[in-house]
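The structure presented is a predicted model; accordingly, all values stated were derived computationally and were not measured.
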Amino acid sequence: MSKKTKPWGGRFREATNEQVERFTASLHYDRRLFRYDIDGSIAHAKMLAHQDIITQEESGAIVKGLKGILKDIEEGRFTFSDEDEDIHMAVEKALIEKIGEVGGKLHTGRSRNDQVALSVRMYAREEIRQIGAALERLKNTLAGLARAEKSTIVPSYTHLQKAQPVLLGHYFLAYWEMFHRDADRLNDCLHRVNRMPLGAAALAGTSLPIDRSFVARLLRFPQVTANSMDTVSDRDYVAEIIFVLALIMMHMSRLCEDMILWSTDEFRYLEISDAFTTGSSIMPQKKNPDVAELIRGKTGRVYGALTTILTILKGLPMTYNRDLQEDKEPLFDAIDTVKASLDILAGMLEGVTFNRDRMKAEAGLGYSTATDAAEYLVRRGVPFREAHGIIGRLVAYCIGAKRTLSEITLEEYRRFHPAFDEDIFQAISVESSVNARESAGGTAERNILKKLSEIEEI
């Protein structure tokens, strides 16, 4: 390959080694940025004319040529060359071939350093909005499940041991809260992504009379970046996006783990639709929760992307270094993984059916209403720490007698404390347990309905 084919080749006497060409190329993955690169270049060309750096005629030819290239790529007519290092050079070379030497004026007042930063920021903000929309779909699915299961009683767990009865609707609203925080984090991250970097040039800005605010308005950026050195080396926003995506995956993975456990014969709380499960190549009876397992597995992939970008950035000197080319693959992969996972998880949840009778029966096992018995004594003036000890001894007695709290007699209750009366049996029922918890954020059905009303107003 001749050095003349390189936009930067003037200083070099030898052609680039072919192995170096392959090693440094990024076109095979960054070509997905073509639309953002071309939109940014169109805005830049219009600004150059607005500032009389190039003529209106030259700008018009450049804009027309870029729009033609955009259409060619979108319609599959554009041929990418192995000679092109990246999407930015591929577009610029095609433009010069299409409209002649005037195409070479497009790069006036900018560098690939700020050009790349612009394309990635434009791509990132669009993907953030799409992921936000996918999160809303999942949140709506969870809210719908919460409403449908607002009265369904299910065991809750700490340390994977039965803890207290809760309402299944309350459980789904717990995940709604997680994904709502994720949406908040994405929106907050968007403020830092949505800053226009073009005009920082290589690292020091330019002596030409460019107007960065003009470009920002054309590209719908609310503000421009403040420091040219920081602008070309900043990938904080990439790390921040991937961090938020890692949290989203973690929340999905936790939900999937519950679905996997609850669908086993040992739990039998729910069944995942045939459409979202697979079979075994040797065991004809199997119905495997592969979708949930893959989401759980792909979480590690996004964690890997976060580790990758943090490691890339940790030792870089000011300002731009070629290491930063490696930011795109982890970002692209993390975004693709999260979007696919969000979409399929919402679909899977919409087809889940619940074994409500078994859930309720299991919710009453394991002395799960022991805390209700303690709080019963508290309402009769017994200090909680004393009540805790009384019920602890009562549970030990029941275990020894191989009976539940509802199976022992009032006389037996009163052996442990005289404050017990007939209404203790109502207090320790799973129905009373869940609906007695009306404290803010508690599992009572009244609270679920209140929260759902608030969600509908968002």
Discussion item. Main chain of H88, side chain of D86: is a donor-acceptor contact present, judged purely on distance under 3.5 Å?
Written reply: yes

Fill in: Interatomic distance, L198 atom CG to L218 atom CG [nearest 0.5 angstrom]
11.0 Å

Fill in: Any side-chain donor near an acceptor of the partner, R31 and S26, under 3.5 Å
no

Practice prompt. Can you measure from NZ (K360) to OG (S151) and round to the nearest 0.5 angstrom?
Written response: 10.5 Å

Worksheet item: Are L173 and I455 close enough that some pair of their side-chain heavy atoms sits under 4.5 Å apart?
Response: yes

Worksheet item: Closest approach of I153 and M359, non-hydrogen atoms and distance?
Response: O-CB, 3.3 Å

Item to complete: Classify the side-chain pair Y269/D258 by whether it contains a donor and acceptor separated by less than 3.5 Å.
Response: no

Discussion item. I'd like to know if D421 and R414 make a salt bridge, using a cut-off of under 4.0 Å between side-chain N and carboxylate O.
Written reply: yes

Worksheet item: Can you check whether V154 reaches P165 side chain to side chain, under 4.5 Å on heavy atoms?
Response: no

Item to complete: State, without any angle test, whether T277 and N288 hold a side-chain donor-acceptor pair at a distance under 3.5 Å.
Response: no

Worksheet, complete the sentence: On a heavy-atom basis, the closest approach of I272 and K287 is O-NZ, 2.8 Å

Worksheet item: Hey, would you say the F78 and F34 ring centroids sit under 6.0 Å apart?
Response: no

Worksheet item: Could you walk me through whether K139 and E177 pass the salt bridge (charged side-chain N to carboxylate O under 4.0 Å, His left out) check?
Response: CA-CA 9 Å; K139 285 168 58 185; E177 294 289 347; over 6 Å; no

Fill in: Least distance between heavy atoms, L324 atom then D327 atom
O-OD1, 2.6 Å

Worksheet item: How many angstroms lie between CD in E83 and CE in M89, if you round to the nearest 0.5 Å?
Response: 13.5 Å

Worksheet item: Do L394 and I391 come close enough that some side-chain heavy atom pair is under 4.5 Å?
Response: yes

Practice prompt. Determine yes or no for a side-chain-to-main-chain donor-acceptor pair under 3.5 angstrom, with S341 supplying the side chain and T337 the backbone.
Written response: yes

Worksheet entry | Spacing of SG belonging to C398 relative to CZ belonging to R393, to within rounding of 0.5 Å | 13.5 Å

Worksheet item: Is the ring centre of Y413 less than 6.0 Å from the ring centre of F425?
Response: yes

Fill in: Atom of V395, atom of A370 and distance for their closest heavy-atom approach
CG2-CB, 4.1 Å

For residues 307-320, tabulate all N or O donor-acceptor pairs below 3.5 Å that involve a side-chain atom, not counting sequence neighbours.
unit_1: T307; atom_1: OG1; unit_2: Y303; atom_2: O; d: 3.2
unit_1: T308; atom_1: OG1; unit_2: G304; atom_2: O; d: 2.8
unit_1: T311; atom_1: OG1; unit_2: T307; atom_2: O; d: 2.7

Discussion item. Given 3.5 Å as the limit, does a donor-acceptor pair link the side chain of S111 with the main chain of D114, or not?
Written reply: no

Worksheet item: If you look at every heavy atom in D30 and F332, which pair is closest and at what distance?
Response: CA-CE1, 4.2 Å

Worksheet item: Distance from D182 atom CG to N187 atom CG, nearest 0.5 Å?
Response: 11.0 Å

Worksheet item: With no hydrogens and no angle check, is any side-chain donor or acceptor of N140 less than 3.5 Å from a backbone partner on E136?
Response: yes

Worksheet item: Is the closest basic N to carboxylate O distance between R121 and D234 below 4.0 Å?
Response: yes

Fill in: Residues Q164 and S156: side-chain donor-acceptor under 3.5 angstrom
no

Item to complete: For the residue pair S453 and E456, confirm or rule out a side-chain donor-acceptor distance under 3.5 Å.
Response: no

Worksheet entry | Any donor-acceptor N/O pair, D372 side chain to I428 backbone, under 3.5 Å | no

Worksheet item: Tell me, do N355 and W262 make a side-chain contact under 4.5 Å, heavy atoms counted?
Response: no

Fill in: A419 backbone acceptor or donor facing H417 side chain under 3.5 Å
yes

Donor-acceptor list for residues 124-133 side chains, cut-off 3.5 Å, not counting sequence neighbours:
unit_1: R125; atom_1: NH1; unit_2: N194; atom_2: OD1; d: 2.7
unit_1: R125; atom_1: NH1; unit_2: L219; atom_2: O; d: 3.3
unit_1: R125; atom_1: NH1; unit_2: R220; atom_2: O; d: 3.1
unit_1: R125; atom_1: NH2; unit_2: L219; atom_2: O; d: 2.4
unit_1: E126; atom_1: OE2; unit_2: Q130; atom_2: NE2; d: 3.1
unit_1: E127; atom_1: OE1; unit_2: K339; atom_2: NZ; d: 2.8
unit_1: Q130; atom_1: OE1; unit_2: K339; atom_2: NZ; d: 2.8

Discussion item. So does A146 get a backbone contact from the side chain of Y171, meaning a donor-acceptor N/O pair under 3.5 Å?
Written reply: no

Discussion item. Nearest 0.5 Å, please: how far is NE2 in H180 from CE in M178?
Written reply: 14.0 Å

Worksheet item: Salt bridge between E375 and R437, side-chain N to carboxylate O under 4.0 Å?
Response: yes

Item to complete: With salt bridge (charged side-chain N to carboxylate O under 4.0 Å, His left out) as the test, would you mind laying out the steps for E326 and R235 before giving the verdict?
Response: CA-CA 11 Å; E326 295 298 308; R235 294 299 185 274; over 6 Å; no

Fill in: Flag side-chain contact, heavy atom, 4.5 Å: H191 against D188
yes

Item to complete: Indicate whether the side chain of Q19 and that of R22 have a donor and an acceptor atom separated by less than 3.5 Å.
Response: no

Worksheet item: Is there side-chain contact between I248 and L186, with heavy atoms separated by less than 4.5 Å?
Response: yes

Worksheet item: Can you tell me if S263 uses its side chain to pair, donor with acceptor, with the backbone of L270 under 3.5 Å?
Response: no

Discussion item. What verdict does the side-chain contact (heavy atoms from CB on, under 4.5 Å) test give for E362 and R268, after you've listed the backbone C-alpha separation in whole Å, the side-chain angles of each residue and the deciding distance to 0.1 Å?
Written reply: CA-CA 10 Å; E362 288 291 315; R268 288 185 285 119; over 6 Å; no

Worksheet entry | Stepwise side-chain contact (heavy atoms from CB on, under 4.5 Å) test for Y397 and R403 | CA-CA 9 Å; Y397 172 80; R403 288 187 287 170; 3.7 Å; yes

Worksheet item: Under a 4.0 Å N-O cut-off, is there an ion pair linking R356 with E149?
Response: yes

Fill in: Considering all heavy atoms, the nearest S119-Y36 contact
O-CB, 3.8 Å

Practice prompt. Please confirm whether the backbone N or O of D230 pairs with a side-chain atom of N227, one donor and one acceptor, at under 3.5 Å?
Written response: yes

Discussion item. For R212 and T225: C-alpha separation, side-chain torsions, deciding distance, then whether side-chain contact (heavy atoms from CB on, under 4.5 Å) applies.
Written reply: CA-CA 9 Å; R212 297 185 67 203; T225 56; 2.8 Å; yes

Discussion item. Main chain of S432, side chain of N435: is a donor-acceptor contact present, judged purely on distance under 3.5 Å?
Written reply: no

Practice prompt. Taking the side chain as every heavy atom from C-beta outward, state whether L33 and K328 have any atom pair closer than 4.5 Å.
Written response: yes

Practice prompt. Run the numbers on S41 and D37 for side-chain contact (heavy atoms from CB on, under 4.5 Å), then give the verdict.
Written response: CA-CA 6 Å; S41 291; D37 179 77; 4.2 Å; yes

Discussion item. Tell me whether D336 is salt-bridged to R32, with the criterion being a basic N under 4.0 Å from an acidic carboxylate O.
Written reply: yes

Worksheet item: Can you find a pair of side-chain heavy atoms, one from V382 and one from E386, that are under 4.5 Å apart?
Response: yes

Worksheet item: Which is it for R322 and Q325 under the side-chain hydrogen bond (donor to acceptor under 3.5 Å, both in side chains) test, yes or no, and what are the steps along the way?
Response: CA-CA 6 Å; R322 192 63 178 269; Q325 176 175 300; 2.6 Å; yes

Response to the item:
Between L345 and the options E350, M252, H251, the side chain to side chain contact (heavy atoms under 4.5 Å, CB included) test singles out M252

